[in-house]
Colleague: 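Sharing a structure below in structure tokens format, with a few things to ask.
Since the model is a prediction, treat every value here as computed from it, not as a measurement.
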Amino acid sequence: MTDAADLLKVGPGHEVELKYHVHDRAAAEHLLALSVWGSTDVTGGRVRTVQVEDRYVDTADGALAQAGYAVRLRETRGDTIVSVKSLHATTGAGGAFRRVELEGPADRTAPAGEWAASDARSLVLEHAGDAPLVERVTIRQLRHKRVIKAGTTRVELSLDDIDVVAGGRIVGSFVDFEAELIKGDETVLGEIARTMDAAPGLARADTSKLEMALALVAVGDGNADMDDGALAVPVAPTAELTIPRLTPGKTPGVVADDHVAEAARKVLRFHVARMLLQEPGTREGDVVALHKMRVATRRQRAAWRVFGESFRAGRTRRYRGRLREVAARLGAVRDLDVLLEGADEYRADLPTTEQRALEPLLTAWRDHREDARRLLMRELDSDGYRRWLDDYVDFVRTEGTAVLPVGPVQPHRVRDTAPSRIWAAYEVVRGYEPVLRWADVETLHDLRIAGKWLRYTLEFVREALGPGA
């Protein structure tokens with residue numbers, strides 16, 4: 001039998017990462033954007049946000065854990081990957097955890113014996129045999145990721161908002177920061193560790209996400225107490241609903257002589273008002289209200305993209321960041337609504353036997369939709385969301401707030417800047433013309449997004465452009 005401690009010595013595949021619990025989110029966000037770690041200069045791309053769902057499984061008698069392994073089924077973008085990680089770890093540069101990690105394709109609806117062949121599948125079958133795998137706990141994450149480069153070394157930084165789900169409900173949440181070596185020199189992690197150790201609001205994690213999640217489940221079941229130093233944040237009870245009021249007009253009211261920043265504020269105020277108008281219906285489960293609320297958040301994000309350079313980035317980063325998270329929560333529910341609506345229409349024309357065959361898939365989608373809605377409601381009920389919303393409404397109401405100064409001859413009015421913004425968006429769309437004959441679905445999707453940005457850019461200043469817009 002393959003033992004985890006033996007595999008750690010020969011190492012067919014390894015995970016090497018630093019792990020920290022986060023007390024101060026602002027400090028972690030600052031780290032995510034750093035270009036110098038210790039004495040090492042790094043380059044890196046933009047921060048990307050993705051939603052990830054991890055289901056940890058084992059046999060009913062815990063055979064995999066007894067053998068020294070944690071087995072995770074990760075769902076992202078419609079694919080399922082099985083990861084088998086050793087519970088035993090050694091210490092690398094900067095105190096990084098080094099452990100075995102094997103991966104392969106999987107199917108969450110099929111037994112392990114029917115998965116595609118991989119080393120991960122072989123290890124699961126070696127210890128679990130034909131025994132069915134049952135869920136231990138589910139961890140859902142909103143991951144804010146950035147890959148940094150130092151020479152040939154690549155490290156992925158990840159700030160993770162984590163919800164722990166057991167028995168169909170959220171039992172707790174916490175925030176972690178990780179730095180994982182993708183390739184190259186492991187000593188770079190030592191430089192990263194020194195910077196992170198000195199940062200306020202972060203603490204070395206001596207437990208994995210799985211261990212934290214299982215501890216939260218145990219507390220929820222009344223079987224254990226969390227240590228005083230544990231960083232889990234229980235889900236707060238729903239507070240009395242107090243939604244700030246903004247009255248949406250018929251149009252944003254942008255005129256040609258507006259300062260670009262104040263034109264942006266008018267557009268944001270218009271769509272924030274529309275967002276708030278739909279929040280009560282969204283809370284009550286109205287799918288139309290949810291769709292409209294999501295559209296309003298997307299328009300705001302587009303406005304930040306078109307006009308954001310007119311504001312002080314440091315003063316407005318938190319508005320954009322939280323808006324992105326709210327939009328992601330709304331989008332997770334809305335995407336499943338669209339899937340279910342389309343599937344119901346498709347199924348209606350099928351024979352009864354084929355309709356029944358689709359039911360397990362639809363049931364799974366409904367379960368995912370309900371889970372996504374719980375996460376959305378948790379966000380809307382959180383103290384952080386209420387504080388953000390109060391501050392954001394003040395921002396869109398108050399002229400002059402966080403505006404970046406401009407020189408006396410620097411173009412700053414709508415009439416002087418809108419043409420170049422529109423032409424730039426138009427050029428992006430035109431750039432797809434040579435590839436249209438052979439474009440794949442992903443390219444067409446990117447073209448659709450470019451078309452939307454052009455539409456939004458025109459839409460935001462259409463009153464200043466006149467009836468021809």
Side-chain angles (χ1 to χ4, degrees), residues 46-49 246 248-279 288-311 313 316-317 319-332 334-335 338 392-393 395-396 402-404 411-433 436 442-469:
R46 63 184 178 85
V47 176
R48 295 173 54 248
T49 301
L246 277 178
K250 292 183 178 180
T251 64
V254 173
V255 297
D257 284 326
D258 277 343
H259 188 293
V260 174
E262 298 313 320
R265 203 184 309 274
K266 288 180 178 181
V267 172
L268 289 168
R269 184 165 60 242
F270 178 78
H271 290 292
V272 171
R274 288 190 161 193
M275 180 184 78
L276 295 176
L277 194 64
Q278 302 303 326
E279 186 175 327
V288 175
L290 184 142
H291 170 56
K292 291 181 178 180
M293 187 174 181
R294 184 197 185 195
V295 168
T297 62
R298 292 176 73 173
R299 290 294 198 282
Q300 290 170 65
R301 293 189 66 197
W304 279 111
R305 176 170 170 170
V306 173
F307 299 116
E309 64 187 17
S310 302
F311 295 100
T316 59
R317 184 178 293 112
Y319 300 139
R320 290 174 278 140
R322 194 72 183 228
L323 179 65
R324 181 172 60 248
E325 295 178 21
V326 173
R329 294 294 189 200
L330 289 163
R334 176 59 186 170
D335 289 347
V338 172
Y392 193 31
V393 168
F395 167 77
V396 300
V403 176
L404 198 64
H412 61 274
R413 298 179 301 176
V414 169
R415 68 165 66 251
D416 303 323
T417 59
S420 60
R421 295 173 193 270
I422 294 167
W423 278 117
Y426 177 70
E427 288 169 5
V428 173
V429 174
R430 294 293 304 180
Y432 285 85
E433 184 182 17
L436 278 181
E442 184 175 356
T443 302
L444 291 174
H445 176 65
D446 291 342
L447 171 58
R448 178 173 179 261
I449 291 173
K452 282 189 174 183
W453 287 121
L454 173 57
R455 191 182 88 203
Y456 294 157
T457 305
L458 285 163
E459 176 185 300
F460 294 153
V461 295
R462 64 174 179 241
E463 293 165 275
L465 294 175

Colleague: Supply the atom-to-atom distance D258 CG to H412 NE2, rounded to the nearest 0.5 angstrom.
Modeller: 10.5 Å

Colleague: Set out, in order, the CA-CA distance, both residues' side-chain angles and the distance that settles side-chain contact (heavy atoms from CB on, under 4.5 Å) for F270 and V396, then state yes or no.
Modeller: CA-CA 9 Å; F270 178 78; V396 300; over 6 Å; no

Colleague: Any side-chain heavy-atom pair from S310 and L404 closer than 4.5 angstrom?
Modeller: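 Contact flag for S310/L404 side chains = no.
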
Colleague: Which class fits the ring pair Y426 and W423: parallel under 30°, tilted 30 to 60°, perpendicular over 60°?
Modeller: perpendicular

Colleague: Using ring centroids (six-membered ring only for Trp), state whether Y319 and F311 fall under 6.0 Å.
Modeller: no

Colleague: Given side chains that start at C-beta, do those of L290 and L330 come closer than 4.5 Å, heavy atoms only?
Modeller: yes

Colleague: Does E262 pair with R413 as a salt bridge, N-O distance under 4.0 Å?
Modeller: no

Colleague: Could you tell me the separation between the CD atom of E433 and the CG atom of L447, rounded to the nearest 0.5 Å?
Modeller: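 Reported to 0.5 Å precision, the distance equals 11.0 Å.
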
Colleague: Measuring from R305:CZ to T457:OG1, what's the distance to the nearest 0.5 Å?
Modeller: 8.0 Å

Colleague: Rounded to the nearest 0.5 Å, how far apart are CZ of R455 and CZ of R462?
Modeller: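 Between atom CZ of R455 and atom CZ of R462 there are 10.5 Å.
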
Colleague: Can you tell if the side chain of V255 reaches within under 4.5 Å of the side chain of E463, non-hydrogen atoms only?
Modeller: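 The answer is no, as the side chains (C-beta and beyond) never meet within the 4.5 Å cut-off.
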
Colleague: Side chain of Q300, backbone of A296: donor and acceptor closer than 3.5 Å?
Modeller: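 Confirmed, Q300 side chain pairs with A296 backbone.
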
Colleague: What I'd like to find out is whether the side chain of F460 reaches to under 4.5 Å of the side chain of V306, using heavy atoms alone.
Modeller: yes

Colleague: Between E427 and R430 (salt bridge meaning N to carboxylate O under 4.0 Å), is one present in this structure?
Modeller: no

Colleague: Between atom CG of L454 and atom CD1 of I449, what is the distance when rounded to the nearest 0.5 Å?
Modeller: 14.0 Å

Colleague: Is a side-chain donor-acceptor pair under 3.5 Å present for R320 with T316?
Modeller: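 Yes.
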
Colleague: Determine the minimum heavy-atom distance between V414 and P419, stating which atoms define it.
Modeller: O-CD, 4.2 Å

Colleague: Ignoring hydrogens, what is the shortest heavy-atom contact between V429 and A450? Give both atom names and the distance.
Modeller: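 Closest heavy-atom pair between V429 and A450: CG2-O, 3.5 Å.
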
Colleague: Of all the heavy-atom pairs spanning Y392 and L323, show the shortest one and how long it is.
Modeller: OH-CD2, 4.0 Å

Colleague: Any side-chain heavy atom of L436 within less than 4.5 Å of one from L444?
Modeller: yes

Colleague: Can you see whether F395 has R265 sitting over its ring - NZ or CZ less than 6.0 Å from the centre and within 45° of the normal?
Modeller: yes

Colleague: So, do V393 and V272 sit near enough that their side-chain heavy atoms are less than 4.5 Å apart?
Modeller: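 They are in side-chain contact.
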
Colleague: Just how far is it from atom CZ of R329 to atom OG1 of T297, taken to the nearest 0.5 Å?
Modeller: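 Output value for this atom pair is 13.5 Å.
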
Colleague: I would like to know whether R294 and R298 meet side-chain contact (heavy atoms from CB on, under 4.5 Å); could you show each step before the answer?
Modeller: CA-CA 6 Å; R294 184 197 185 195; R298 292 176 73 173; 3.9 Å; yes

Colleague: In a check of side chain to side chain contact (heavy atoms under 4.5 Å, CB included) between V295 and each of R299, M293, K292, which one passes?
Modeller: R299

Colleague: Do L268 and W304 have side-chain heavy atoms sitting under 4.5 Å apart?
Modeller: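 In contact.
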
Colleague: A side-chain contact here means heavy atoms from C-beta on lying under 4.5 Å apart; do V461 and V267 qualify?
Modeller: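 Not touching, per the 4.5 Å side-chain cut-off.
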
